[in-house]
Trainee: 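Input: one structure, supplied below.
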Amino acid sequence: MYGRKACQLVKELANGEKGQLTHFNSDLFDQVISECEQHHLELQSLMRKIQEEGLDLQTTKNEDHFGALIHHLSLVRNKRCLMAYVYNRAEIIRSLIWKVGSMLPPEIQEKLSNSEEEYFKKHSARLKVYMSRLELELTVDMVPPKDPYIQVRVLDDIGEGIILSDDKTANFARHSIHFLKRTDAEQFISRGLMEELRG
């Protein structure tokens, strides 16, 4: 039946956890595109047949007209389902920069298609350009902090010679505790490499 695969794609999106990405279903996505191409070929064939019989495309109401109409509506429906799938995933991808920063963790990156990865990189780059023009880091604090410095514990060995915003270098060995600017620590906290110690 026409449209079943496109419907599965949208159901997969709807059944997922809100705001969370599932693996891009490239197999089903490609099947829907292939079905769209088939509808397009059938539609063109039926329209050509109506014209070859010397009938008016606007007024003819025979079986070929209704067949063409079914293929046209199926094509439009499939395209809308594909667009819904892509658009909703793009919204989640755009929101990732506010949650995890400009570096995607591997467990998220493996869920993206190549074009989605490229989209995230370009969105990230444009946001960085915008923030540099403003001279303001927008991705750090969603709620204004009481203190610009926080105490953090290093969860995973990050290494030596890490350059911070005030041009100082630091050695972030595993389980070491540091008193850092929130803006310096946030990038490591969002990637799960540090945790904030709350007193």
Side-chain angles (χ1 to χ4, degrees), residues 9-10 12-14 16-26 28-30 32-33 79-174 176-198:
L9 204 58
V10 174
E12 180 183 296
L13 187 69
E17 193 176 328
K18 187 173 170 58
Q20 298 295 315
L21 282 174
T22 56
H23 283 275
F24 185 84
N25 195 336
S26 56
L28 190 55
F29 194 87
D30 291 343
V32 176
I33 288 176
K79 286 171 76 174
R80 288 181 71 185
C81 290
L82 289 170
M83 291 302 294
Y85 186 74
V86 170
Y87 177 78
N88 282 286
R89 288 182 62 87
E91 279 197 324
I92 296 168
I93 292 165
R94 274 196 310 271
S95 73
L96 286 174
I97 197 161
W98 306 104
K99 296 174 186 171
V100 298
S102 59
M103 295 292 294
L104 286 175
E107 63 271 11
I108 293 176
Q109 197 166 0
E110 69 186 15
K111 294 178 181 179
L112 304 180
S113 68
N114 292 335
S115 57
E116 287 175 330
E117 278 186 60
E118 191 62 31
Y119 176 72
F120 179 81
K121 287 177 189 172
K122 286 181 179 178
H123 178 66
S124 238
R126 288 187 182 122
L127 187 59
K128 279 184 181 177
V129 168
Y130 177 70
M131 289 187 299
S132 69
R133 286 183 186 159
L134 289 178
E135 296 180 4
L136 182 65
E137 179 61 47
L138 297 173
T139 60
V140 176
D141 296 312
M142 294 316 210
V143 177
K146 293 177 183 172
D147 189 350
Y149 289 89
I150 58 172
Q151 192 172 24
V152 293
R153 176 184 300 125
V154 179
L155 299 175
D156 201 1
D157 191 30
I158 298 170
E160 296 180 33
I162 306 296
I163 300 171
L164 303 174
S165 61
D166 52 5
D167 292 331
K168 293 181 182 174
T169 58
N171 177 11
F172 293 134
R174 190 174 189 179
S176 60
I177 295 175
H178 302 272
F179 197 63
L180 300 174
K181 280 185 179 177
R182 184 177 296 275
T183 51
D184 290 333
E186 195 67 39
Q187 61 178 314
F188 299 110
I189 292 171
S190 67
R191 291 176 17 218
L193 301 173
M194 287 183 181
E195 68 178 353
E196 182 179 354
L197 299 177
R198 301 181 189 272

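Everything numeric in this text was worked out from a predicted model, so none of it was measured.
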Trainee: In chain order, what residues pass the side-chain hydrogen bond (donor to acceptor under 3.5 Å, both in side chains) check against Q151, with sequence neighbours excluded?
Mentor: none
Trainee: Quick one: are F120 and L96 in side-chain contact, heavy atoms under 4.5 Å?
Mentor: yes
Trainee: Can you find a pair of side-chain heavy atoms, one from V100 and one from P105, that are under 4.5 Å apart?
Mentor: yes
Trainee: Okay, side chain of R174, backbone of L155: is any donor-acceptor separation there less than 3.5 Å?
Mentor: yes
Trainee: Taking side-chain contact (heavy atoms from CB on, under 4.5 Å) as the definition, give me every residue that meets it alongside K79, ordered by chain and number, with sequence neighbours left out.
Mentor: C36, L75
Trainee: Give a yes or no on this: more than 12 heavy atoms of other residues, nucleotides or ligands lie within 6.0 Å of atom CE of M131.
Mentor: yes
Trainee: Would you mind reporting whether V32 and Y85 have side-chain heavy atoms less than 4.5 Å apart?
Mentor: no
Trainee: So do the side chains of L180 and M194 get within less than 4.5 Å of each other, counting heavy atoms only?
Mentor: yes
Trainee: So L127 and W98, do their side chains get closer than 4.5 Å, heavy atoms only?
Mentor: yes
Trainee: Can you pull out every salt bridge (charged side-chain N to carboxylate O under 4.0 Å, His left out) where at least one residue sits in residues 98-112? Sequence neighbours excluded, please.
Mentor: none
Trainee: So, the side chain of R89 versus the backbone of T22: is there a donor-acceptor pair under 3.5 Å, distance only?
Mentor: yes
Trainee: Applying side chain to side chain contact (heavy atoms under 4.5 Å, CB included), run through E186 and I150 and close with a yes or a no.
Mentor: CA-CA 10 Å; E186 195 67 39; I150 58 172; 5.6 Å; no
Trainee: Side chains of F29 and V86: closer than 4.5 Å at any heavy-atom pair?
Mentor: yes
Trainee: Would you indicate whether the side-chain heavy atoms of C81 and L9 approach each other to under 4.5 Å?
Mentor: no
Trainee: For the residue pair E91 and R94, establish whether any side-chain heavy-atom pair is separated by less than 4.5 Å.
Mentor: yes
Trainee: In terms of the angle between their ring planes, are H178 and F172 parallel, tilted or perpendicular, with boundaries placed at 30° and 60°?
Mentor: perpendicular
